[in-house]
Amino acid sequence: MDLSHRTVLVVGGTSGIGRELARRFAAAGSTVAVGGRSPEALAELAGEGFGTFRVDVTDDSSVAALRDAVLDRYPELDTVVTMSGVMLLEDLRDPAHFEAARTTIDTNLLGTIRVVDAFTPHLVGRGAGTFVTVTSGIAFLPFPPMPSYAASKAAVHAYSEALRAQLDGTGVGVVELVPPAVATAGQEKVNPHALPLDDFATEVMDLLSADPTPREILVKGVLGHRWAERDGTYDDLVAQRSRALAMLPGREG
C-alpha cells in the first residue's frame, strides 16, 4: 500500500489508535479526514489540518450524512478505516449486562457494517480502494471479563473475510488490523504489557506499506493471540486470562 498519495477517512479517529494512525497517514503524505463523536477532539484535529466530521456509527442517518459530506469534500476518497469501538466489562451472572452487550455489538460490529455499506458503492465504482477493518487480539483469544467485546471483534474478523471474498475482482481490498493491548485510554494501568502507542503505530505503518500488503496486520505483540489455537496454547492462556474476572464487582476470582 502506497501511504503517500492516499485519501483516507478514519472513522473513530478522535482518540487512541485511530488518532495516531490518522496522524501517521498524514505524515506519510496522504490526505486524511477523521470522523468521530467528540466535538472537542474534532476541533483539536481540525486545528492540525485534518478534515473533521461528526458521526455516530450506531445511527444509520448519521453514517449516511457522513458519507455524503465526506464524498462531497473528498471525491477521490480511496481508503476507509473503521476504527470505532467500545470495550465494556460484563458480568454474565447479572442479566443487566445485556445493555452493555447491546451497546458493544451495535458499535463494534454493526457500526463497522454501517460504515462499510456506506462507502462500498463509492469504492467499487471507482474500481480501486481499501477498507481497513479493525478487530483485536481478543477476537482470537477471548478476555472473559469482556465477552461481548470478544464476540464483536470475532464477528468483525469473519465479516472482513466475507467482505474480502465478495469484493474480489472489484479492485477494492480489505485489510484487517488486529491490535493487541496498546497503551491508550488507560490500558497500560490494566495491562502492564500493553504496547507503547508509538511503537505499535510504527510497526503497523511498516506492515501496511509492505508489498503486497498482508491481509491481516499482525504486529509481533499480537502473534501469540492470533495463533494460540494453532500453537496449542489457547486453553492455558484463556485460563490465565480468566483470573481477570476478579475485576468484576463482587467477584473474588
Looking at Ser62 and Asp56, would you say the former's side chain and the latter's main chain have a donor-acceptor pair under 3.5 Å? yes

Please check if the number of heavy atoms outside Arg164 that lie under 6.0 Å from its CZ is greater than 12. yes

Kindly indicate, with the supporting measurements, whether the criterion side-chain contact (heavy atoms from CB on, under 4.5 Å) is fulfilled by Val116 and Ile113. CA-CA 5 Å; Val116 168; Ile113 294 172; 5.7 Å; no

Does any N or O in the side chain of Thr107 come within less than 3.5 Å of the main-chain N or O of Thr104, such that one atom is a donor and the other an acceptor? no

Would you say Asp78's side chain and Thr130's backbone share a donor-acceptor pair under 3.5 angstrom? no

Can you check whether Lys220's main-chain N or O pairs, donor with acceptor, with Glu203's side chain at less than 3.5 Å? yes

So, are Arg24 and Asp206 salt-bridged, with charged N and O less than 4.0 Å apart? no

Using a 4.5 Å cut-off on heavy atoms from C-beta on, say whether the side chain of Arg37 contacts that of Thr14. no

Donor-acceptor pair, Arg6 side chain versus Asp2 backbone, under 3.5 Å? yes

Kindly indicate whether a cation-pi arrangement holds for Arg241 with Phe143, taking the cut-offs as under 6.0 Å to the six-membered ring centre and within 45° of the axis. no

Any side-chain donor paired with an acceptor under 3.5 Å for Arg102 and Ser148? no

Mark yes or no for whether Ser152, through its side chain, and Tyr149, through its backbone, hold a donor-acceptor pair below 3.5 Å. yes

With side-chain contact (heavy atoms from CB on, under 4.5 Å) as the test, would you mind laying out the steps for Arg23 and Glu48 before giving the verdict? CA-CA 9 Å; Arg23 289 170 171 162; Glu48 296 180 26; 2.7 Å; yes

Of Val175, Leu9, Val10, Ile17, which is the lone residue that meets side chain to side chain contact (heavy atoms under 4.5 Å, CB included) with Val81? Val10

If we ignore hydrogens and angles and just use 3.5 Å, is the side chain of Ser136 paired with the main-chain N or O of Lys153 as donor and acceptor? no

